[in-house]
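To start, the structure itself, in structure tokens.
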Amino acid sequence: KEITWELTTALYNALKDQITYPVYKVIPKPPESAYVYIGNVTYNTEGTKDDWLYSGMVTIRVVDESHAAGDLKEALEVVKEIRQILKPNKTAVLSLSTSNNIIFSPASTSATITLSEEGLARNEIFDIYRFVIE
């Protein structure tokens, strides 16, 4: 069983109408100047023919090209909003359509800042979540 689509769809549905930035599973061309991209799902599969366990990570990227280089304040607020929605308390897990999500928790966050040749800044925050699904 492949779980990427189910997981990214659940994340998209949980966030799409709840945060200030548009949310994408596929980035359009051209994208908005500020957006959230759900992707980069990596996982390991363990189990038998009828009983599987998937453990891995999913990255939620918050991209902001509307502020100066290094101005991460607004993007960090969006990360905070996302975490409140996806993990409102210690025991909350993301609900999936056909699988049982056992663990869903923030794992790490990192930021990158790049400048284009035109001098435009691109601030990105990579918010990584750990999951275990059966």
Side-chain angles (χ1 to χ4, degrees):
K1 177 178 168 179
E2 210 292 313
I3 61 162
T4 301
W5 184 86
E6 183 178 11
L7 180 59
T8 57
T9 299
L11 288 165
Y12 174 81
N13 289 336
L15 298 175
K16 68 179 177 176
D17 297 322
Q18 302 295 318
I19 61 174
T20 54
Y21 286 12
V23 179
Y24 301 124
K25 292 190 298 180
V26 177
I27 302 171
K29 290 187 178 193
E32 301 287 329
S33 61
Y35 61 91
V36 171
Y37 170 67
I38 300 165
N40 300 346
V41 177
T42 58
Y43 61 91
N44 293 315
T45 306
E46 299 174 27
T48 61
K49 180 182 171 197
D50 298 319
D51 191 21
W52 296 97
L53 188 68
Y54 307 90
S55 60
M57 306 282 212
V58 59
T59 303
I60 298 175
R61 279 179 35 205
V62 178
V63 180
D64 186 348
E65 296 177 341
S66 63
H67 291 84
D71 184 0
L72 297 173
K73 183 178 180 184
E74 189 172 326
L76 286 168
E77 284 298 317
V78 172
V79 169
K80 185 177 175 183
E81 287 178 36
I82 291 169
R83 286 192 174 198
Q84 284 295 318
I85 293 164
L86 298 180
K87 193 71 176 174
N89 59 58
K90 201 173 188 177
T91 59
V93 292
L94 181 69
S95 179
L96 300 175
S97 59
T98 63
S99 301
N100 184 21
N101 196 355
I102 301 169
I103 295 172
F104 190 82
S105 62
S108 65
T109 303
S110 63
T112 62
I113 301 161
T114 55
L115 291 174
S116 69
E117 290 181 11
E118 297 82 26
L120 299 174
R122 180 186 186 107
N123 301 306
E124 288 187 80
I125 299 175
F126 297 85
D127 199 23
I128 301 172
Y129 290 79
R130 183 172 71 93
F131 64 83
V132 176
I133 296 170
E134 67 176 358

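Here Leu7 contributes atom CG and Ile38 contributes atom CD1; the two are 9.0 Å apart, rounded to the nearest 0.5 Å. Distance check, rounded to the nearest 0.5 Å: CG of Asn123 to CD1 of Ile113 gives 5.5 Å. Note that OG of Ser97 and CG of Asn13 are 9.5 Å apart. Values are rounded to the nearest 0.5 Å. Rounded to the nearest 0.5 Å, atoms CD1 (Ile85) and CG (Leu94) are 11.5 Å apart. Between the CG atom of Leu15 and the CD atom of Gln18 there is a distance of 8.0 Å, given to the nearest 0.5 Å. Distance CD/Glu2 to OG1/Thr45: 8.5 Å, rounded to 0.5 Å.
Legend: residues meeting side-chain hydrogen bond (donor to acceptor under 3.5 Å, both in side chains) with Ser110, ordered by chain and number and at least two apart, are absent. For Thr20, the side-chain hydrogen bond (donor to acceptor under 3.5 Å, both in side chains) criterion is met by no residue, not counting sequence neighbours. Looking at residues two or more places apart in sequence or on another chain, you find no side-chain hydrogen bond (donor to acceptor under 3.5 Å, both in side chains) involving Glu46. In this view, Asn44 satisfies the side-chain hydrogen bond (donor to acceptor under 3.5 Å, both in side chains) rule with no residue, not counting sequence neighbours.
In this structure, Thr112 and Ile125 have side chains that are not in contact, with every pair of non-hydrogen atoms separated by 4.5 Å or more.
Identified under the ring-ring contact (aromatic ring centres under 6.0 Å, His included) test for residues 73-103, with sequence neighbours left out: none. Evaluation of the ring-ring contact (aromatic ring centres under 6.0 Å, His included) test over residues 74-95, restricted to residues two or more places apart or in two chains, returns none. Within the structure, the side-chain hydrogen bond (donor to acceptor under 3.5 Å, both in side chains) test picks out the following pairs touching residues 24-41 (sequence neighbours left out): Thr9-Lys25, Tyr35-Arg122.
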Run the side chain to side chain contact (heavy atoms under 4.5 Å, CB included) check on Ile19 and Ile82 step by step: do they pass?
CA-CA 7 Å; Ile19 61 174; Ile82 291 169; 4.1 Å; yes
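Side-chain N or O atoms of Ser99 include none that pairs as donor or acceptor with a backbone N or O of Leu96 at under 3.5 Å. Under a 3.5 Å cut-off, the side chain of Lys87 and the backbone N or O of Pro106 do not form any donor-acceptor pair. Here the side chain of Glu65 pairs no donor or acceptor atom with the backbone of Ala34 at under 3.5 angstrom.
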Taking only distance into account, with no hydrogens and no angle test, what donor-acceptor pairs under 3.5 Å do side-chain atoms of residues 52-63 form with protein atoms, sequence neighbours excluded?
| from | atom 1 | to | atom 2 | distance (Å) |
| --- | --- | --- | --- | --- |
| Trp52 | NE1 | Thr48 | O | 3.3 |
| Trp52 | NE1 | Lys49 | O | 3.2 |
| Tyr54 | OH | Lys1 | O | 3.2 |
| Arg61 | NE | Glu124 | OE1 | 2.8 |
| Arg61 | NH2 | Glu124 | OE1 | 3.1 |

Let me check something: any side-chain donor-acceptor pairs from residues 127-134 under 3.5 Å, sequence neighbours excluded? List them with distances.
| from | atom 1 | to | atom 2 | distance (Å) |
| --- | --- | --- | --- | --- |
| Asp127 | OD1 | Arg83 | NE | 3.2 |
| Asp127 | OD1 | Arg83 | NH2 | 2.5 |
| Asp127 | OD1 | Thr109 | OG1 | 2.8 |
| Asp127 | OD2 | Arg83 | NE | 3.2 |
| Asp127 | OD2 | Tyr129 | OH | 2.9 |
| Glu134 | OE2 | Asn100 | ND2 | 2.9 |

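The number of heavy atoms from other shown groups lying within 6.0 Å of NZ (Lys80) does not exceed 12.
Hydrophobic clustering of Ile, Leu, Val, Met, Phe, Trp and Tyr side chains at less than 4.5 Å, counting indirect connections, unites Ile3 with Tyr12. Cluster membership check: Val36 shares its hydrophobic cluster with Leu76, using side-chain heavy-atom separations under 4.5 Å among Ile, Leu, Val, Met, Phe, Trp and Tyr.
Closest non-hydrogen pair, Ala121 versus Leu115, comes out as CA-CD2, 3.7 Å.
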